[in-house]
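What follows is one structure encoded as structure tokens, with my remarks underneath.
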Amino acid sequence: MELPRAELPGFLQISLASPLPVPRSLIFLTGASILGASILLIISMLDLGYLSMRLNPCASIYTLLYHLGFILIGLRKRTPDTPSYFSTAIFSGYLLTVVWFVAFILTIVVLALHGHSPYYQVAWLRQQGLLVNVHTQRVQVFLTLYETIVMGGLALRGHAIVHNEGPNPHDWRYAEWIKDDVEFVREVM
């Protein structure tokens, strides 16, 4: 006896048949990083960056710009004589991972300076009229660790793609290479 299959409503059915600007294995990590950086940007602006020595807002903006550039470069037309910039984008991901790790260390340092410096205390920031509390400070620590892990995973996965497929993976800037790749495979065989 077969059970009936449940189907999603029409507005939730997403077709991934069209070529995507980012390799499929990096889509989830890109979306997760965009979401984490956006939330961290909002939360870190509640204290104007004091609780991270002003690194969290900057790192969040750079991360969002990185992903915007990564997607926009992936959407550009690709011809055989132009570079793909995939390995450059992955190297930039490694650099952002280091920046996020430094941001994580600085948020831990500020959390440890609780009684030593008045400028990094939540009570002093609240007296200045900023919407900050202990929970936003802890969320910043968690989200900087989250971004370190996600950006590191994205860079490592991209590095694995470069290692396995070369600096021009088949699903990066895919649309213009479909015919050429098929013809190239036929020529080789």
Side-chain angles (χ1 to χ4, degrees), residues 8-9 11-78 83-108 110 131-132 135-165 167-176:
L8 293 172
F11 67 92
L12 289 177
Q13 293 178 354
I14 299 172
S15 172
L16 294 177
S18 65
L20 300 168
V22 178
R24 291 180 190 270
S25 61
L26 298 179
I27 290 174
F28 174 73
L29 292 170
T30 301
S33 181
I34 289 172
L35 179 67
S38 300
I39 292 170
L40 185 59
L41 177 64
I42 293 168
I43 291 175
S44 65
M45 289 309 294
L46 291 176
D47 62 12
L48 300 177
Y50 275 99
L51 296 179
S52 64
M53 296 185 182
R54 294 177 186 82
L55 188 57
N56 282 350
C58 296
S60 297
I61 290 171
Y62 288 144
T63 301
L64 294 173
L65 290 175
Y66 166 79
H67 288 302
L68 178 68
F70 190 63
I71 291 169
L72 288 178
I73 288 173
L75 288 173
R76 288 179 57 200
K77 289 190 176 197
R78 180 174 170 194
S84 71
Y85 299 110
F86 184 74
S87 56
T88 305
I90 298 307
F91 179 73
S92 300
Y94 278 120
L95 292 178
L96 266 173
T97 302
V98 171
V99 169
W100 278 113
F101 185 66
V102 170
F104 173 66
I105 291 171
L106 286 179
T107 53
I108 293 290
V110 169
L131 299 171
V132 62
H135 302 298
T136 59
Q137 186 177 23
R138 290 177 183 162
V139 167
Q140 285 186 50
V141 171
F142 170 75
L143 286 176
T144 53
L145 177 62
Y146 171 81
E147 278 296 322
T148 302
I149 292 169
V150 170
M151 282 303 299
L154 187 134
L156 286 173
R157 182 62 193 134
H159 188 96
I161 290 172
V162 169
H163 181 69
N164 292 336
E165 299 180 25
N168 298 320
H170 70 281
D171 56 354
W172 169 253
R173 295 169 67 178
Y174 184 68
E176 284 71 35

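Here the straight-line distance linking atom NE2 of H163 with atom CD1 of I90 works out to 14.5 Å at 0.5 Å rounding. The CG atom of L26 sits 12.0 Å away from atom CZ of R24, with the distance rounded to the nearest 0.5 Å.
Here the side chain of Y66 pairs a donor or acceptor atom with the backbone of A89 at under 3.5 angstrom. Under the 3.5 Å distance criterion, the side-chain polar atoms of S33 are left unmatched by any main-chain donor or acceptor of L29. Looking at T107, its side chain never comes within 3.5 Å of a backbone N or O of V141 through a donor-acceptor pair.
W100 is listed as a side-chain neighbour of L40, based on a closest heavy-atom distance under 4.5 Å. L154 places none of its side-chain heavy atoms less than 4.5 Å from the side chain of V150. With a 4.5 Å cut-off on side-chain heavy atoms, P23 and F86 count as touching. When side chains are defined from C-beta on, D47 counts as touching Q140, because their heavy atoms get closer than 4.5 Å. Residues L64 and I34 meet the side-chain proximity criterion, which asks for heavy atoms closer than 4.5 Å. Within the 4.5 Å cutoff, the side chain of S52 has no heavy atoms near those of the V110 side chain.
Scanning both residues, G49 and P57, for their nearest heavy atoms gives CA-CG, 4.0 Å. Nearest approach of S25 to I161, heavy atoms of both residues: OG-CD1, 3.3 Å. The two residues I39 and L143 have their closest heavy-atom pair at CG2-CD1, 3.6 Å. Taking all atoms of both residues into account, the shortest heavy-atom contact from A59 to V99 is CB-CG1, 3.9 Å. I73 and Y85 make their closest contact through CG2-CB, 4.2 Å (heavy atoms, listed as atom of the first residue, atom of the second, distance).
Applying the 6.0 Å contact sphere to OH of Y94 captures more than 12 heavy atoms from other residues, nucleotides or ligands.
Partners of F104 under the ring pair (Phe, Tyr, Trp, His ring centres under 6.0 Å) rule, at least two apart in sequence or in another chain, do not exist in this structure.
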